[in-house]
Asks: 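Structure incoming, see below.
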Amino acid sequence: MKQSNLKAWLCLCGGILVALWVNGGMWHCLHWPGGYAQLITAACLTIIFGCVLAVWLGKSNAFDSLIATRGKSALHLRNSLIGLSSASCFLSLSVIFRLMRWPFNALLVILSCVTITILLILIGIWGYKLTKK
């Protein structure tokens, strides 16, 4: 598969997932039938999409030229993007735990949200360092 086709496919899947999350959340809040199923479907698809994205970021050579020219900041940025993708999988898993009312659901939500917050701060710092050089 060509690189541009893969990027277009990832953007399309991401847009569909966001639409499914928003629609499922709205339907669930309004207590309409199907909202619960949409949220579970969106969470499962986000876990699959996050794993595919993490593997693609790890194996692709999209950051290789940037790492060669910019150094460790680009490497840290790539690694934090992989971590963000994995943390989004854990956040989706915590949504499933929350909807099913399984134990430790609040702990999973808190830990994944704190991890995502820290990773977003680090991505901002390393992205600033890359653009500053």
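We count residues from 1, following the sequence as given.
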Asks: Whether the Trp21 and Thr46 side chains hold a donor-acceptor pair (N or O, under 3.5 Å, no angle test) is what I'd like checked.
Replies: yes

Asks: With side chains defined as the heavy atoms from C-beta onward, is the minimum distance between Ser80 and Leu77 less than 4.5 Å?
Replies: yes

Asks: Please name all residues satisfying ring-ring contact (aromatic ring centres under 6.0 Å, His included) with Trp27, sequence neighbours left out, ordered by chain then number.
Replies: Trp32

Asks: In Å, rounded to the nearest 0.5 Å, how long is the span from CD1 of Ile116 to CG of Leu91?
Replies: 4.5 Å

Asks: Between Arg70 (side chain) and Leu130 (backbone), is there a donor-acceptor pair under 3.5 Å?
Replies: yes

Asks: Do Val52 and Val55 share a hydrophobic cluster (ILVMFWY, side-chain heavy atoms under 4.5 Å, transitive)?
Replies: no

Asks: Please round to the nearest 0.5 Å and tell me the distance separating atom CG of Leu120 and atom CG of Leu81.
Replies: 9.5 Å

Asks: Check step by step if side-chain contact (heavy atoms from CB on, under 4.5 Å) holds for Leu66 and Arg78.
Replies: CA-CA 10 Å; Leu66 195 61; Arg78 185 192 69 183; over 6 Å; no

Asks: Do the side chains of Tyr36 and Ile47 join up, straight or via other hydrophobic residues, at under 4.5 Å, putting them in one cluster?
Replies: yes

Asks: According to a hydrophobic-cluster definition based on side-chain heavy atoms being under 4.5 Å apart (Ile, Leu, Val, Met, Phe, Trp, Tyr only), do Leu57 and Leu122 belong together?
Replies: yes

Asks: Please tell me if the side chains of Phe49 and Leu10 come closer than 4.5 Å, counting only heavy atoms from C-beta onward.
Replies: yes

Asks: Tell me whether Ile110 is reachable from Phe97 by hopping between hydrophobic residues (I, L, V, M, F, W, Y) whose side-chain heavy atoms are closer than 4.5 Å.
Replies: no

Asks: Got a sec: does the CZ of Phe90 have more than 12 other heavy atoms crowding it under 6.0 Å?
Replies: no

Asks: Locate the shortest heavy-atom distance separating Ala42 from Leu17; write the atom from each residue and the value.
Replies: O-CD2, 3.9 Å

Asks: What are the two closest heavy atoms between Cys89 and Cys51, and how far apart are they?
Replies: SG-N, 3.7 Å

Asks: Side-chain contact, heavy-atom cut-off 4.5 Å: His76 with Ile125?
Replies: no

Asks: Find out whether Leu53 and Trp56 are in side-chain contact, i.e. whether some heavy atom of one side chain is under 4.5 Å from a heavy atom of the other.
Replies: yes

Asks: Using 0.5 Å steps for rounding, measure from the CD1 atom of Ile16 to the CG atom of Asn23.
Replies: 13.0 Å

Asks: Under 3.5 Å, is there a donor-acceptor pair between the side chain of Ser85 and the main chain of Ile82?
Replies: no

Asks: Minimum heavy-atom separation for Asp64 and Asn61, please, with both atom names.
Replies: OD2-CB, 3.0 Å

Asks: Between atom SG of Cys44 and atom CG of Leu93, what is the distance when rounded to the nearest 0.5 Å?
Replies: 9.0 Å

Asks: Which distance, rounded to the nearest 0.5 Å, do you find between the CD1 of Ile123 and the CD1 of Ile118?
Replies: 12.0 Å

Asks: Is there a path from Val95 to Ile48 through hydrophobic residues (I, L, V, M, F, W, Y) whose side chains come within less than 4.5 Å of each other?
Replies: no

Asks: What distance do Cys29 atom SG and Leu39 atom CG have between them, rounded to the nearest 0.5 Å?
Replies: 8.5 Å

Asks: Check whether any side-chain heavy atom of Ser94 lies under 4.5 Å from a side-chain heavy atom of Asn105, and answer yes or no.
Replies: no

